[in-house]
Structures are given as C-alpha cells and as structure tokens.
Amino acid sequence: MEAKIKKIAVFTSGGDSPGMNAAIRSVVRTCAYMKIECVGIYRGYEGMIEGDFLPMNARSVNHIINKGGTILKSARCEEFRTKEGRQKAYDQLKSEGVDAMVVIGGDGSFTGALLFNEEYNIPVIGIPGTIDNDIFGTRYTLGFDTAINTAMEVIDKIRDTASSHHRLFFVEVMGRDVGHIALNAGVGAGAEEILIPEENLGLERLLESLKKSKLTGKSSSIVVVAEGDTTTGKNVFQLKEYVEQHLPIYDVRVCVLGHMQRGGSPTCFDRVLASRMGVKAVEALLDGKTNLMVGILDDDIAFTPISEAIKGKTKINKELIRVSDIMST
Ligand code: ADP
C-alpha cells in the first residue's frame with residue numbers, strides 16, 4: 001500500500017501562461033480543504049534544486065485568481081536535465097518532507113517530471129499550462145483562451161488603422177509548431193487569410209486571395225501568420241517583401257505580437273479551467289494516482305498518462321479552416 005500523502009509541492013515551469021496563478025490557488029486551496037500541507041516551489045526545477053520553497057496555506061493565494069504570470073515564477077533549468085541535478089532536487093524535496101507534486105507547465109516540464117518519477121518514485125500530476133494549446137489529452141490548455149482573446153483584441157486594433165490607410169497587415173502570432181492561436185484569433189478577428197503549419201495555402205493562392213480582396217472593395221486586409229508556419233518558406237517580413245513585389249497596389253505592414261500574448265489577466269474560461277484542474281490534480285494524488293496529466297475532453301475532466309501527453313499530437317480544427325475560407329469571400 002502507498003504511504004499516505006501529507007505534503008504536496010506545486011510549481012510552475014517552462015513557458016508561462018495566463019491562468020497559472022489560478023491553478024496554483026486551486027492546488028493550494030484544495031490541499032487546505034483536504035487538510036494536507038502544501039508548499040510552493042519558486043522558479044520550477046531551478047528552485048527545486050536550490051530548495052527555494054514557500055509554505056502555502058489558503059490565505060497565501062488571496063487575490064491571485066485574476067493575475068497574469070505566476071507568483072511562483074518560472075524558469076528553464078539545464079541542471080535538472082542531469083542526473084546530479086535531479087539528485088539535488090530529490091534531496092531538497094526529502095528534507096522538506098514533500099510526498100507528491102503538481103507540475104504546471106508544458107511538455108518539457110512534463111518530460112522532466114516523468115523522468116524524476118522513474119528515478120525517485122515521487123507521485124506527480126501535470127496541469128497543462130501553455131498558450132499554444134499543443135498538448136495531447138486536453139481540448140484546452142491553460143492560457144490558450146486568454147491568448148486568443150488577447151491576439152484577437154490586438155488584431156481588431158490593427159484593423160482600425162489598416163482600414164484608415166487601406167493597408168495590408170501581416171500579423172504574426174505565437175504557435176511554434178501548431179496553428180491553434182492563429183486559426184482561432186484569425187477567425188475571431190475576421191482575418192482574410194490565416195497561415196498555419198498544418199495547412200499549405202501556397203503563395204499563389206495567397207496572392208490570388210489578396211487580389212480578390214482588393215477587387216471586391218475591401219478597405220484593409222489582415223493575414224494572420226503562426227510563427228511556426230514554414231509552409232510558404234517565408235517569415236512575415238519576407239512575405240511582406242514578396243507581396244510588395246508581386247502586388248504593388250498594396251501598402252504592406254508587419255506586426256509581430258510576441259510575448260504580449262503570454263500576459264494579461266486570464267479570461268473567465270481559463271480561471272474556471274484552472275480551478276477545476278487544480279482540484280482534480282490534488283484529488284488524483286490523494287487517490288494514489290501518478291504520472292497523469294489533468295485535461296479537459298468534452299467538457300469533462302479527463303486524465304491522460306503524461307507519457308502519451310508528451311508524445312501525442314493535437315489536431316487542428318479543420319472546420320475552422322473552411323469557415324475562414326467562406327468568411328473571406
Ligand atoms: P515547457 O514546459 O514550457 O515545454 P521547456 O521545454 O523549456 O518548457 O522545459 C522546462 C524545463 O523542464 C526545462 O528547463 C528542464 O529543466 C525540464 N526538462 C525539459 N526536458 C527535460 C528532460 N528531457 N529531462 C529533464 N528535464 C527536462
């Protein structure tokens with residue numbers, strides 16, 4: 001029989017995302033509700049190795065549900081990739097009396113957690129925190145909804161100025177290997193075209209579409225490009241040059257949204273998601289589960305082995321591509 005869990009550690013690791021604070025709050029409050037101890041670890045695996053711990057109770061997480069970023073900070077830690085680094089982390093956790101942990105992060109953080117569990121058998125549950133929505137086993141990752149709303153609101157503003165000057169804007173949004181942000185923010189903001197790694201639109205079709213936009217009397221055009229899109233072989237700045245060469249009627253500008261997409265107060269959707277995931281993460285540990293990621297599928301909380309979550313690929317919503325095509329008529 002597994003030993004009873006008395007103290008859970010929670011930490012945020014890797015790329016941050018809005019909603020991480022709401023998830024920390026949920027884990028801490030669930031521990032308080034279940035009458036077990038909770039300790040926060042600063043700066044992910046870096047703080048774990050250094051023993052940078054913060055005992056937390058229900059009051060430690062007052063007024064953070066609405067805050068972007070992460071009060072526990074996040075970091076990337078090379079030392080944790082080494083056996084010696086992980087040994088130090090284990091020693092720190094043992095001397096702190098930690099029996100189990102909740103990691104809030106992306107697939108890199110999950111990979112580290114899994115390895116750590118194999119070596120030291122500390123039960124772990126993962127909460128997927130990344131704006132990219134690229135983790136298998138959950139329909140939504142924490143922060144994605146906030147990020148698409150941030151991107152959409154900015155694109156709305158860009159459209160105002162684009163239309164005043166009859167300009168074409170290439171707007172680059174985040175998404176290293178996936179086009180979820182581009183597709184959703186693009187449809188939401190009424191982009192004329194959306195370039196994502198999963199679909200090859202082709203440069204010819206892009207030019208055709210832009211020509212058509214001009215002919216049908218559109219006063220501005222927005223093309224949303226996922227940062228990881230390599231299907232055209234061009235980045236946003238090269239796309240600008242290409243279109244200027246082939247369609248001189250267009251006055252083209254580029255806007256790279258960058259890290260603003262990672263910040264800001266989380267949407268209601270992300271706060272609710274974080275609250276649900278945090279409760280389930282703690283409950284799962286107390287039920288003796290380990291090496292699982294909490295996700296949401298068909299609006300129900302679902303667990304996926306972390307090993308599958310880090311290997312599996314998410315699928316783009318093809319219906320959105322069709323909707324986008326029809327809307328750009
Ligand atoms: P994310 O969790 O957002 O995907 P990273 O890929 O940067 O972010 O991973 C965060 C941290 O997880 C890394 O800095 C490292 O400390 C740890 N990590 C990632 N991959 C491994 C691995 N293969 N072995 C051990 N630790 C890892």
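In listed order, ligands and their atoms are each counted from 1.
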Tell me the nearest of Met48, Arg76, Arg81, Glu79 to atom 7 (O) of ligand 1, using heavy-atom distances. Arg76

So, Ser213 and Glu192: side-chain donor and acceptor under 3.5 Å apart, yes or no? no

Assess Asp107 for proximity to ligand 1: is some non-hydrogen atom of it under 4.0 Å away? yes

Distance alone, cut at 3.5 Å: any donor-acceptor contact between the side chains of Asp16 and Ser74? no

Using a 4.0 Å cut-off to any heavy atom of Cys77, which atoms of ligand 1 qualify? 13 (C), 14 (O), 15 (C), 16 (O)

Donor + acceptor pair across side chains of Glu153, Asn149 (<3.5 Å): no

Knowing that exactly one of Arg205, Lys318, Lys212 qualifies, which makes a salt bridge (charged side-chain N to carboxylate O under 4.0 Å, His left out) with Asp325? Arg205

Taking 4.0 Å as the limit for heavy-atom contacts, which would you say applies to Thr130 with ligand 1: side chain only, backbone only, both, or neither? neither

Note: Arg322-Glu319 ion pair, threshold 4.0 Å (strictly below): no

When distances are taken from atom 23 (N) of ligand 1, the protein heavy atom at minimum range is Thr111 CG2, 3.5 Å

Please write down residue, atom name and distance for the protein heavy atom closest to atom 8 (O) of ligand 1. Gly14 CA, 3.4 Å

So, regarding Ala75 and ligand 1 (criterion: nitrogen or oxygen to nitrogen or oxygen, under 3.5 Å), is there a contact or not? no

Any N or O of Gly105 closer than 3.5 Å to N or O of ligand 1: no

So which protein heavy atom does atom 3 (O) of ligand 1 come closest to, and at what separation? Gly15 N, 3.0 Å

Distance under 4.0 Å to a non-hydrogen atom of Tyr45: what atoms of ligand 1 satisfy this? 12 (O), 16 (O), 17 (C)

Before signing off on this row, confirm whether Ser109 and ligand 1 have an N or O atom pair separated by under 3.5 Å. yes

To the nearest 0.1 Å, how far is atom 11 (C) of ligand 1 from its closest protein heavy atom, and which atom is that? Ser13 OG, 3.9 Å

Closest heavy-atom pair and its distance - Gly106, Ile135: CA-CD1, 3.8 Å

Among Gly108, Gly112, Gly129, which residue places a heavy atom closest to atom 4 (O) of ligand 1? Gly108

Is the closest side-chain heavy-atom distance between Thr70 and Ile104 below 4.5 Å? no

Just checking, any donor-acceptor pair under 3.5 angstrom between side chains of Ser26 and Arg276? no

among protein heavy atoms, the one nearest atom 24 (N) of ligand 1 is Leu115 CD2, 3.7 Å

Parallel, tilted or perpendicular: which describes the rings of Tyr120 and Phe116, with under 30° parallel and over 60° perpendicular? tilted

